[in-house]
Amino acid sequence: MLKSNIGRLIDESPYKNEFVMKYMGISRNTLSNWRTGKAFPTIEKAFKLSRLLGVTIEDLFEYIEEECENEGPGGH
């Protein structure tokens, strides 16, 4: 499962939400969904956003592995 770091990274950047929306060509609702992890940018938009924020694509997200209830440790 992916966890979005976009909101935190924008908050730590010198850019305001309005600038990010205009630069990315997205709506306030879209940015809100990216910030909260309800939706994710396309790969092209993720690259553009990462360049704006001076981070890598991997910095935008965290991958959190979900354990299956039926499997023990180390099971795949």
Does Arg8 reach the side chain of Asn5, with side-chain heavy atoms less than 4.5 Å apart? yes
Side chains of Ile10 and Trp34: closer than 4.5 Å at any heavy-atom pair? no
Can you confirm whether Glu58 is buried at CD, in the sense that more than 12 heavy atoms of other residues, nucleotides or ligands lie under 6.0 Å from that atom? no
Could you measure the distance from the OG atom of Ser13 to the CG atom of Leu49? Nearest 0.5 Å is fine. 9.0 Å
Would you compute the distance between atom CG of Leu52 and atom OH of Tyr23 and round it to the nearest 0.5 angstrom? 5.5 Å
Heavy atoms, side chains only, cut-off 4.5 Å: are Leu53 and Leu60 in contact? yes
Any Leu2 side-chain heavy atom under 4.5 Å of Glu62 side chain: no
If you round to the nearest 0.5 Å, how far is CE of Met1 from CD of Glu65? 12.5 Å
Write down the atom of Ser4, the atom of Gly37, and the distance for their closest heavy-atom approach. CB-CA, 3.8 Å
Thr56 side chain reached by Ser50 side chain, heavy atoms, under 4.5 Å: no
Which pair of heavy atoms, one from Met24 and one from Lys45, lies closest together, and at what distance? O-NZ, 2.7 Å
Ile26 CD1 to Lys48 NZ distance, which is reported to the nearest 0.5 Å: 9.5 Å
Drop me the distance from Lys22's NZ to Tyr15's OH, to the nearest 0.5 angstrom. 14.5 Å
Between Ile6 and Ile64, is there a shared hydrophobic cluster once you connect ILVMFWY residues whose side-chain heavy atoms come closer than 4.5 Å? no
Within 45 degrees of the ring normal and closer than 6.0 Å to the centroid, is that where the cationic atom of Lys3 sits relative to Phe61? no
Check against side chain to side chain donor-acceptor pair (under 3.5 Å), Ser32 and Asn29: CA-CA 5 Å; Ser32 176; Asn29 188 52; 5.4 Å; no
To the nearest 0.5 Å, tell me how far Leu9 CG sits from Arg35 CZ. 10.0 Å
